[in-house]
**Q** 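Once you've had a glance at the structure underneath, I'll fire off some questions.
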Amino acid sequence: MTRASHRKKSTHIGILAALGVILVLVGFYTYRSTYYTKHFLPNTEINTVNVSNLTIEQANEKLKDAYSNKTLSIEDNGKVWQEVAKSELGYKKDFSEDLSSVLKDQNAWSWGMNYVSAAEKQEIDPLSTDHGTLDATIEKLSDELTELNKEKTPTSDATIEKSGNAFTIKPEVNGDTIDVDAAIKELKNTVNSGSSKLELTNFKTKPKVTSEDKNLKTQLDSMNAIANVKATYSINGNTFQIPSTDISSWLTYTDGKVDLDNDKVKQYVTDLGAKYNTSTNDTKFKSTKRGEVTVPVGTYSWTIQTDAETEALEKAILAGKDFTRSPIVQGGTTADHPLIENTYIEVDLENQHMWYYKDGQVALETDIVSGKPTTPTPAGVFYVWDKDEDSVLRGTNDDGTPYESPVNYWMPIDWTGVGIHDSDWQPAYGGDLWKTRGSHGCINTPPSVMKELFGMVEKGTPVLVF
């Protein structure tokens, strides 16, 4: 054999040997690929559990051990509070169906690459579709955590509290109660992650508002400003300030908002009405001849509108600035001035005399004839609400017959038909004539005087009859 023939033969042998090795490797890889049609690929994790090279049955046992056959330790400050069997957390008792699906989706021919690549992480839902067991456990743990909190120091936010007539910040309290909702939420996450420990101190409730909260400090300044407001009322000639102690007692602070206790403010306004309403309180009056007299309520009066005034007063106080106001009223006049000032008509029934005061001075006076005993002139604080010339007064006599009395000047003062008018049928005025020649309630005035009075008096002039 020549040297060339020998080299050729050696080359053939080498090629055959290489092919043989390749065939062996291919066969081995094919064999292993077939193996991985029934086993999980190397470096495979399902829900963090390593199932590399395991069959479905083997992986199932390992997952069951990781979930259903173990416990979850719930600790409180490092000490075991409760241990809950994971089977009570609703884990599946068998994972075979899920594992079959994962195995079916894997590429058996990629087993070689899996040895050198990062772990293949797969996720399956470990929980049973029937959540009854988990729900029952969660409800039980929620109740027990709530009971546990009763033994702990509650956490509370910083807030504003009253101190004398001022307000201060009450610091927050860092307690050790557990945020039950947050703990339960993490418990559910723990169920999904497969963790075996839950530390309750990680869920301590924390104050949402601290003493350094800017908004709280702003509200404190606002409350102290409101508490120190000089709130002044001017009612019926009386001026007075609402006590600061009252205003501070009305102040409230809820959910970061400064407000006033509506019921307390309304009660204060109600009490104002009871004291000052001229519609329910008689009027003290210094008469010309009889000194101070008490005149009953009449048409010239007002009543504080409680709801409207409560709302207006609250708005004024919460503005935080000093103010003076008169209440919102309804009636024949307003409350921002004395009911009887320097211009008015005075009718003294006892003395059968009438005066007209203009700016504090007597501008006119005259004897009169008032209502007879069967139809007396009503006493009260009235006012001239109209003025009319050439009127005919109509009514009914004591015997039931109608009457008509033409007058030149007519000034009604109440809502029942009583007024001041001329009476040319009266022969005289004053004294006891009212007892025998009295009117049907009106104030009979000498015609010449009535003409003068009519020209002097303006609508709205108060008339005090007593």
**Q** After noting the C-alpha distance and the side-chain angles of D359 and T343, does the key distance pass the side chain to side chain contact (heavy atoms under 4.5 Å, CB included) rule?
**A** CA-CA 5 Å; D359 297 327; T343 298; 3.6 Å; yes
**Q** Around E97, counting heavy atoms of other residues, nucleotides and ligands shown, do more than 12 lie under 6.0 Å from its CD?
**A**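 No.
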**Q** Return yes if a side-chain donor-acceptor contact under 3.5 Å exists between T177 and T205, otherwise no.
**A**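 Short answer, yes.
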**Q** So T333 and Y383, do their side chains get closer than 4.5 Å, heavy atoms only?
**A**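 Side chain of Y383 against side chain of T333, heavy atoms only: no contact under 4.5 Å found.
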**Q** Hey, mind stepping through S391 and D388 against side-chain hydrogen bond (donor to acceptor under 3.5 Å, both in side chains) and telling me if it holds?
**A** CA-CA 7 Å; S391 293; D388 193 18; 2.6 Å; yes
**Q** List the steps and the verdict of salt bridge (charged side-chain N to carboxylate O under 4.0 Å, His left out) for K152 and D76.
**A** CA-CA 12 Å; K152 296 179 176 291; D76 186 11; 3.0 Å; yes
**Q** Would you say E88's side chain and T137's backbone share a donor-acceptor pair under 3.5 angstrom?
**A**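 Side chain of E88 to backbone of T137: no pair is present.
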**Q** Any heavy-atom pair between the side chains of L339 and P462 that's under 4.5 Å?
**A**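 The answer is no; the side chains never approach within 4.5 Å.
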**Q** Is it the case that the side chain of N224 and the backbone of F167 share a donor-acceptor pair, with hydrogens and angles ignored and the cut-off at 3.5 Å?
**A**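 Such a contact is found between N224 side chain and F167 backbone.
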**Q** Going by the angle between their ring planes, with limits at 30° and 60°, are Y35 and H39 parallel, tilted or perpendicular?
**A**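 The arrangement is parallel - the two ring planes meet at less than 30°.
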**Q** Restricting to non-hydrogen atoms, name the atom on F466 and the atom on S287 that form the minimum distance, rounded to 0.1 Å.
**A**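 Residues F466 and S287, closest heavy atoms: CZ-CB, 3.5 Å.
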**Q** Ring centroids only, cut at 6.0 angstrom: are Y344 and Y300 within range, meaning strictly under it?
**A**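 Here the rings of Y300 and Y344 have centres that are no less than 6.0 Å from each other.
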**Q** Taking the side chain from T375 and the backbone from G371, do they hold a donor-acceptor pair closer than 3.5 Å?
**A**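 Such a contact is absent between T375 side chain and G371 backbone.
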**Q** What pairs meet the salt bridge (Lys or Arg N to Asp or Glu O under 4.0 Å) rule with one or both residues in residues 297-307, with sequence neighbours excluded?
**A**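 Checked against salt bridge (Lys or Arg N to Asp or Glu O under 4.0 Å) - neighbours excluded - the pairs reaching residues 297-307 are K266-D307.
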**Q** Can you tell me which residue pairs pass the salt bridge (Lys or Arg N to Asp or Glu O under 4.0 Å) test with a partner in residues 202-223, sequence neighbours excluded?
**A**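 Output for this query lists E212-K217.
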**Q** Closer than 3.5 angstrom, by distance alone: can the side chain of Q106 be matched with the main-chain N or O of L41 as a donor-acceptor pair?
**A**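 Yes.
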**Q** What's the shortest heavy-atom distance between Q305 and Q330, and which atoms?
**A**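 Taking Q305 first and Q330 second, the nearest heavy atoms are NE2-CB, 3.3 Å.
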**Q** Would you say the side chains of Y233 and N238 form a donor-acceptor pair under 3.5 Å?
**A**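 No.
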**Q** Using only atom types and a distance under 3.5 Å, with no angle test, would you say the side chain of S222 pairs donor to acceptor with the backbone of T218?
**A**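 Answer holds: no.
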**Q** If only atom types and distance count, is the side chain of T278 paired as donor or acceptor with the main-chain N or O of S301 below 3.5 Å?
**A**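 Not at all, since once roles are kept as given, no pair shorter than 3.5 Å links the two residues.
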**Q** Do you know which two heavy atoms are closest between P207 and S156, and how far apart they sit?
**A**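 The pair with the smallest heavy-atom distance is CB-O, 3.9 Å.
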**Q** Okay, side chain of T303, backbone of S279: is any donor-acceptor separation there less than 3.5 Å?
**A**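 Pair absent, no side-chain N/O of T303 close to backbone of S279.
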**Q** Closer than 3.5 angstrom, by distance alone: can the side chain of K62 be matched with the main-chain N or O of N50 as a donor-acceptor pair?
**A**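 Checking the backbone N and O of N50 against the side chain of K62, a donor-acceptor pair under 3.5 Å is found.
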**Q** So, Q267 and D263: side-chain donor and acceptor under 3.5 Å apart, yes or no?
**A**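 No, no side-chain donor-acceptor pair sits under 3.5 Å.
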**Q** Is a donor from one side chain sitting under 3.5 angstrom from an acceptor on the other, for E346 and T288?
**A**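 There is such a pair between these side chains.
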**Q** Any donor and acceptor pair, going by atom type alone, linking the side chain of N107 with main-chain N or O of W109 inside 3.5 Å?
**A**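 Answer holds: yes.
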**Q** Using side chain to side chain contact (heavy atoms under 4.5 Å, CB included), reason through L260 and T252 one step at a time and then give a plain yes or no.
**A** CA-CA 5 Å; L260 294 169; T252 63; 5.8 Å; no
**Q** Taking W250's backbone N and O only, do any of them form a donor-acceptor pair with D261's side chain (distance below 3.5 Å, no angle check)?
**A**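 No, D261 side chain to W250 backbone: no donor-acceptor pair under 3.5 Å.
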**Q** Between Q82 and E144, do the side chains contain a donor N or O and an acceptor N or O under 3.5 Å apart?
**A**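 Yes, a side-chain donor-acceptor pair sits under 3.5 Å.
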**Q** Quick check: do V80 and E83 have side-chain heavy atoms less than 4.5 Å from each other?
**A**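 Result yes, sub-4.5 Å side-chain heavy-atom pair found.
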**Q** Quiz question: by atom type and distance under 3.5 Å, do the side chains of T280 and N277 form a donor-acceptor pair?
**A**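 The criterion, which ignores hydrogens and geometry beyond distance, is not satisfied for N277 and T280.
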**Q** Quick one: are L145 and W81 in side-chain contact, heavy atoms under 4.5 Å?
**A**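 In contact.
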**Q** Could you verify whether a donor N or O on one side chain and an acceptor N or O on the other, from D414 and T416, lie under 3.5 Å apart?
**A**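 Result is yes, a qualifying pair exists.
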